[in-house]
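Read through the structure below, which is laid out as structure tokens, and then see the notes.
Bear in mind the structure is a predicted one, so any value in this text is a computation, not a measurement.
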Amino acid sequence: MLVYPSGIDVSTSTLRYLSARLRTRRQERGTRWRRVTANRQALLVLAHLRCGHAYAQLDAGFGIGTVTAYRYVAEAIDVLAALAPTLADAMKTASTKAFLMLDGTLLPIDRVAADRPFYSGKHKKHGMNVQVITDPMGRLLWASPALPDAVHDVRAAREHGIVDALTHADVTCWADKGYRGAGSTVRIPYWGRWDTLSAGQQAVNRSHAKIRALVEQAMATLKSWRLLRKLRCSTTRITSLVQAVLTLHLASSNR
């Protein structure tokens, strides 16, 4: 396999953050020797998450075995996922915001037609459903565990306890029509065909769409990590991957 120099479009502060977390992990486990330093391991993990490089490519680029590359990535993902904010943390942050925005996104996976629980009739593909909460500017605050995409958005919101958390925190949350029936503090557009709505309802829906437009910024943030654009791992690992990406994003945006 040919090897060539390349770049990763993440900040050096993100690399330093991950390196520090990995060094702490090695100290806690009493690790004496590794094939690569914590800094090189962090770079390897960022190449995997940000660029979507396969383990065979990392093997060639970093001069380590494929199994070793897998273990290094898995270790880092577990470390980062443990640092991801919880829903309770997001609600604490929400107390300083005027409102929140809630939306769901599909993370495509490589499953076949027989895997019906993972098939999205809306998107016509297999994937996992992840719920995302953002602030009024579209900045990510929290991402949920992944569920099969056959699960509807409003059902996912209830299963994750999002609706109850919003009610308890008394925070207004803007969402799309997929959350019809959520009630509580969740605000959705008026239901029905556009030409059947009154002028006032149409005005409300236009205003609602303008407010929610920024939530797409959060989705773009997640998908900028190319590994999440087409997941080929076990579905049991996807939640950890999303939480790891969220941790890295928040760490870089807070510096």
Side-chain angles (χ1 to χ4, degrees), residues 1 3 6-86 89 105-111 115 118 126-130 132 140 142-149 221-252:
M1 185 178 293
V3 178
S6 184
I8 306 175
D9 56 341
V10 295
S11 64
T12 54
S13 63
T14 303
L15 178 65
R16 290 195 295 268
Y17 174 84
L18 180 52
S19 299
R21 303 289 82 74
L22 292 175
R23 277 193 290 271
T24 300
R25 172 67 168 241
R26 293 184 181 192
Q27 292 171 359
E28 291 173 349
R29 301 181 66 177
T31 303
R32 296 184 178 181
W33 182 84
R34 291 283 185 94
R35 289 288 301 277
V36 298
T37 64
N39 193 66
R40 290 285 289 174
Q41 182 182 356
L43 185 62
L44 180 151
V45 173
L46 291 177
H48 179 67
L49 294 176
R50 189 70 174 185
C51 305
H53 291 327
Y55 297 119
Q57 293 173 300
L58 298 174
D59 171 1
F62 287 83
I64 57 177
T66 303
V67 174
T68 302
Y70 173 83
R71 287 194 293 104
Y72 283 172
V73 169
E75 177 186 41
I77 288 173
D78 289 342
V79 169
L80 291 170
L83 298 172
T86 63
D89 295 331
T105 187
L106 168 82
L107 299 182
I109 60 175
D110 60 341
R111 289 298 183 272
D115 295 316
F118 300 98
H126 293 80
M128 300 294 284
N129 179 304
V130 173
V132 170
L140 273 171
W142 178 78
S144 75
L147 292 174
D149 204 62
T221 297
L222 280 179
K223 300 297 177 66
S224 66
W225 296 80
R226 294 175 183 85
L227 188 71
L228 299 183
R229 296 180 188 176
K230 184 67 172 183
L231 290 156
R232 295 177 173 83
C233 62
S234 168
T235 55
T236 60
R237 293 290 295 167
I238 293 177
T239 293
S240 295
L241 285 170
V242 173
Q243 301 295 338
V245 166
L246 176 63
T247 298
L248 288 173
H249 168 72
L250 292 178
S252 61

> Atom CG in L43, atom OG1 in T14: separation rounded to 0.5 Å?
Replying inline: 12.0 Å
>> Just verifying a value: how many Å separate I109 CD1 and S234 OG, rounded to the nearest 0.5 Å?
In response: 9.5 Å
>> Rounded to the nearest 0.5 Å, what separates atom CG in L228 from atom CD1 in I238?
In response: 9.0 Å
> Are side-chain heavy atoms of V245 and L248 found at a separation under 4.5 Å?
Replying inline: no
> Does a donor on one side chain sit under 3.5 Å from an acceptor on the other, for R26 and Q41?
Replying inline: yes
> Closest heavy-atom contact between T239 and A146?
Replying inline: OG1-N, 2.9 Å
> Can you check whether H48's main-chain N or O pairs, donor with acceptor, with H53's side chain at less than 3.5 Å?
Replying inline: no
>> If we check side chain to side chain contact (heavy atoms under 4.5 Å, CB included) with V242, which of these qualifies: T247, V130, T105?
In response: V130
> Is a side-chain N or O of Q243 found less than 3.5 angstrom from the main chain of A143, in a donor-acceptor match?
Replying inline: yes
> Which pair of heavy atoms, one from L15 and one from A42, lies closest together, and at what distance?
Replying inline: CD1-CB, 3.7 Å
> How far does CG of L46 sit from OH of Y17, to the nearest 0.5 angstrom?
Replying inline: 12.0 Å
> Do S224 and T221 have a side chain donor and acceptor closer than 3.5 Å?
Replying inline: no
In residues 57-68, what donor-acceptor pairs under 3.5 Å come from side-chain atoms, sequence neighbours left out?
from, atom 1, to, atom 2, distance (Å)
Q57, OE1, A54, N, 2.8
D59, OD2, T66, OG1, 3.1

>> Please report the interatomic distance CZ(R35) to CG(L44), rounded to the nearest 0.5 Å.
In response: 12.0 Å
>> Working to the nearest 0.5 angstrom, can you tell me the gap between L250 CG and L140 CG?
In response: 7.0 Å
> Does a salt bridge link R50 with D9, judged by any charged N lying under 4.0 Å from a carboxylate O?
Replying inline: yes
> Does the side chain of R40 come under 3.5 Å of the side chain of S19 through a donor N or O and an acceptor N or O?
Replying inline: no
> Should C233 and L241 be marked as a side chain to side chain contact (heavy atoms under 4.5 Å, CB included) after you check the CA-CA gap, both sets of side-chain angles, and the distance that decides it?
Replying inline: CA-CA 10 Å; C233 62; L241 285 170; 3.6 Å; yes
